[in-house]
Amino acid sequence: MHKNITCIACPRGCLLTVSGEAEDLIISGNECRKGIEYGRQEILEPLRMLTTTVRTTHPVYTRLPVRLSREVPLEQIPEFMKVINQVCVSRTCIPGDVMAVNLLESEVDLIATGELYYEKG
Amino acid sequence: MKQEYDVVVIGAGPAGLAAAVAASDKGATVCLAEREERMGGILKQCIHDGFGLIRFKEKLTGPEYAWRYENMVKERPVDFLSRTFLTTMKPENGGFDLSFVNPEKGVFSVYAGSLVMAMGCRERTDRQIFLHGERPSGIFTAGQAQDFINLKGYMPGHKCVILGSGDIGLIMARRLTLEGAEVQGVYEIGSEPSGLTRNIVQCLEDYNIPLQLETTVTEIHGYDRLEGVTICRVDKNKIPRRETAVRIDCDCLILSVGLIPENDILKPLSVKMDPVTKGPVVDQNLETSFPGIFSCGNALHVNDLVDYVSESGHLAGERAALYGKKKIQVKRRITLNTAGNIQYAVPQNLTLPAKGTVPLFFRPLRSMGKGVAILKQGERIILKKNLNWLKPSEMNRLPIDLSLIDPDGMTPVFSLENREGVHA
Ligand SMILES: Cc1cc2nc3c(=O)[nH]c(=O)nc-3n(C[C@H](O)[C@H](O)[C@H](O)COP(=O)(O)OP(=O)(O)OC[C@H]3O[C@@H](n4cnc5c(N)ncnc54)[C@H](O)[C@@H]3O)c2cc1C
Ligand code: SF4
């Protein structure tokens, strides 16, 4: 394997060259040690935060912004989008509230990042 | 009777929220006026994360960051006027007579001892970058597209082309892809992307969206709805090379071609503006050339970190509160000159004598590997710092100790040079 990736662990943005196999990756082009760690993670399993919105039944604010409770593998993002798009909110919530649990049986929850207020009754 | 306040803050984005909190904490009576219904400004639609690493030591999304400040405002005796638009302002009795309009009260006026302008910025549009052709629907600024998708839940299009590689455009490329649209590519006229490397990697490379540099859109096709655009490579002088023209089919063109501070309201008062930042010229208290008018956040200069926006809001709010109490004694307002690889530095002026440490924000003109920033007054070095990997897209912050500046001395000069023997 031979791959070029840009390190984003600091603003310098070194162009890393990763070669070798999973067990002993050879990383070069890094100006500091952080680049090795970053390159290894990026090659073995790149992790990303997913932020998106869900539908609401609110008459004015029709979307609620949400995020996952932790970073997930990049390749699973489309699957997470599919299940999140099924969620519809119809209650008052504030940032940090759990809106859905254990998405894709992965122990990752869906967290509200915005506020939504419904009048009672 | 006309309501009176020590400090009136215009705009409830992160800059205005911080200003209202700081002014209130200094004992001023504060009014915060916002044209939209909710507080938070542009952060309400910036649902991605990466905000607040400096201010809260956490990676927050835009709405989460705004919410924290919103709560701080609500905990204080600040009068919040929502859906209230500032239309004119006139100097009156050492303060200002402000004319507002809102749906409840219609047109009404408020007296302000001092003013904090925190109106944010607006996006450059297709007219400002001279795109030719028809004006079909389907052309949006990145911020409009962000508003449609994230707040209203509408898709601006299904086959999109993004012009300009600013951060908001990159973030929208990812957002559109996640929502099922096909992003054909991002085209940038410059030879370097204008967005952060992190966004190039996580918004474009992650989703295999091509980025083409030294390329621009030269023509728009379609009459009612956008049907396609013509893209062209450009030469060194950014002139399109017609022989490279290619037509790309799309129903949506998104412009991410820069932000301009919002300051039209200051024009009638002849407030001195900086031609580079497009914001007002301010001193270390963020006071403009018009006594009693302070500026912060993106209205002052376009920031790339919201943490710095809050910092400037805090400073402006605090100083605006002191202005009412006449605690700022002006002796001499001097220019802070710049030299070398500096695009701009804020503050542009210093009011002396002064104590304390204030942040100096600057952007380099060109990327630089190893640089040295020097603040000098005559031959005397006030600050010298080595800085690495500077880019025009990333704003830098240096604290300066004002007590080291001689109020009767020469004009201070702030410069950024290459470190000896090393070339960028
Ligand atoms: C579309 C867009 C996306 C962005 N994305 C990011 C990002 O991802 N990360 C980041 O760090 N920065 C981002 N920025 C930069 C961002 O603007 C700043 O980080 C920060 O939000 C600026 O805060 P502000 O308070 O100066 O302005 P804003 O948040 O724009 O707030 C200004 C407020 O003033 C109000 N206002 C304006 N004129 C009047 C008037 N006459 N009367 C009453 N109210 C008025 C507006 O309604 C608005 O609420 C983005 C900017 C834009 C335009
Ligand atoms: S390798 Fe080190 S210096 Fe290079 S970009 Fe990564 S963190 Fe920065």
Side-chain angles (χ1 to χ4, degrees), chain A residues 3-16 31-32 38-39 42 46-58 60-71 73-82 84-85 88-89 93-97 111-117, chain B residues 37-40 43-51 59-68 70-71 74 146-154 171 174-175 177-180 192-193 196-208 304 367 369-370 387-391 393-396:
Chain A
K3 233 181 135 181
N4 288 325
I5 56 174
T6 314
C7 178
I8 57 168
C10 93
R12 169 146 192 204
C14 296
L15 189 65
L16 309 178
E31 279 291 311
C32 81
Y38 175 84
E42 275 298 289
L47 294 175
R48 297 288 185 268
M49 174 51 73
L50 172 61
T51 66
T52 180
T53 62
V54 292
R55 271 183 307 136
T56 78
T57 57
H58 196 284
V60 181
Y61 304 116
T62 55
R63 306 299 294 192
L64 176 75
V66 291
R67 64 175 167 84
L68 297 179
S69 53
R70 61 171 166 82
E71 294 187 329
L74 174 62
E75 56 172 34
Q76 283 178 21
I77 297 254
E79 291 164 65
F80 275 101
M81 279 301 286
K82 266 190 212 138
I84 294 169
N85 283 339
C88 180
V89 176
C93 65
I94 59 169
D97 282 1
I111 311 290
T113 58
E115 188 177 21
L116 196 62
Y117 182 75
Chain B
E37 178 154 342
R38 293 187 289 175
M39 299 182 202
L43 291 181
K44 296 193 296 289
Q45 67 186 55
C46 300
I47 63 160
H48 55 278
D49 70 344
F51 298 86
K59 224 197 245 172
L60 302 172
T61 63
E64 289 171 305
Y65 188 98
W67 193 70
R68 294 200 179 185
E70 204 178 315
N71 287 335
K74 287 177 178 163
Q146 194 175 44
D147 172 67
F148 277 141
I149 303 181
N150 294 345
L151 295 180
K152 304 194 170 77
Y154 300 141
I171 280 165
R174 172 175 64 188
R175 189 75 189 110
T177 307
L178 285 174
E179 290 294 347
E192 277 180 59
L196 303 175
T197 311
R198 179 192 158 84
N199 286 335
I200 302 283
V201 173
Q202 297 201 342
C203 299
L204 302 187
E205 291 173 12
D206 275 3
Y207 297 91
N208 300 315
D304 34 42
S367 295
K370 288 185 187 313
L387 297 168
N388 295 336
W389 318 117
L390 298 133
K391 290 180 190 169
S393 59
E394 283 168 36
M395 201 166 72
N396 291 271

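Letters go in sequence order (proteins before strands), and every chain restarts at 1.
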Undergrad: Between A/R48 and B/D206, does at least one N-O distance fall below 4.0 Å, as a salt bridge requires?
TA: yes
Undergrad: Measure B/I149 against the heavy atoms of chain A and call it side chain, backbone, both or neither at under 4.5 Å.
TA: backbone
Undergrad: In terms of heavy-atom pairs under 4.5 Å with chain A, which of B/Q202, B/E205, B/H48, B/E179 leads?
TA: B/Q202
Undergrad: Give me the atom names and distance for the closest heavy-atom approach of B/L151 to A/T62.
TA: O-OG1, 3.7 Å
Undergrad: Side chain, backbone, both or neither: which part of B/Y154 has an atom under 4.5 Å from a heavy atom of chain A?
TA: neither
Undergrad: Only pairs of heavy atoms separated by less than 4.5 Å count here; which of A/T6, A/L74, A/I77, A/L64 has the most with chain B?
TA: A/L74
Undergrad: So which part of A/I5 gets closer than 4.5 Å to some heavy atom of chain B, the side chain, the backbone, both or neither?
TA: neither
Undergrad: What are the two closest non-hydrogen atoms of B/C46 and B/F51, and how far apart are they?
TA: CB-CZ, 3.6 Å
Undergrad: Which of the residues A/P95, A/P65, A/A112, A/G114 is involved in the greatest number of heavy-atom pairs with chain B at under 4.5 angstrom?
TA: A/P95
Undergrad: Is B/E64 close to chain A through its backbone or its side chain, or both, or neither, when contacts mean heavy atoms under 4.5 Å?
TA: both
Undergrad: Between A/T51 and B/I47 (side chain of the first, backbone of the second, donor and acceptor by atom type, cut-off under 3.5 Å), is there such a pair?
TA: yes
Undergrad: Between A/R70 and A/M49, which heavy-atom pair has the shortest distance, and what is it?
TA: C-CE, 3.8 Å
Undergrad: Show the nearest heavy-atom pair for residues A/T113 and A/V66, with the distance to one decimal.
TA: OG1-N, 3.6 Å
Undergrad: Would you find a donor on one side and an acceptor on the other, under 3.5 Å apart, between the side chain of A/H58 and the backbone of A/Y117?
TA: yes
Undergrad: Does any N or O in the side chain of B/N71 come within less than 3.5 Å of the main-chain N or O of B/R68, such that one atom is a donor and the other an acceptor?
TA: no
Undergrad: With a 4.5 angstrom heavy-atom cut-off, which part of B/K391 approaches chain A: side chain, backbone, both or neither?
TA: side chain
Undergrad: Is chain A contacted by the side chain of B/Q45, its backbone, both, or neither, given a heavy-atom distance below 4.5 Å?
TA: neither
Undergrad: At a heavy-atom distance under 4.5 Å, which candidate from B/E394, B/R175, B/R198, B/R174 has the highest pair count against chain A?
TA: B/R175
Undergrad: As an exercise: rank B/L60, B/T197, B/L178 by heavy-atom pairs under 4.5 Å with chain A and give me the winner.
TA: B/L178
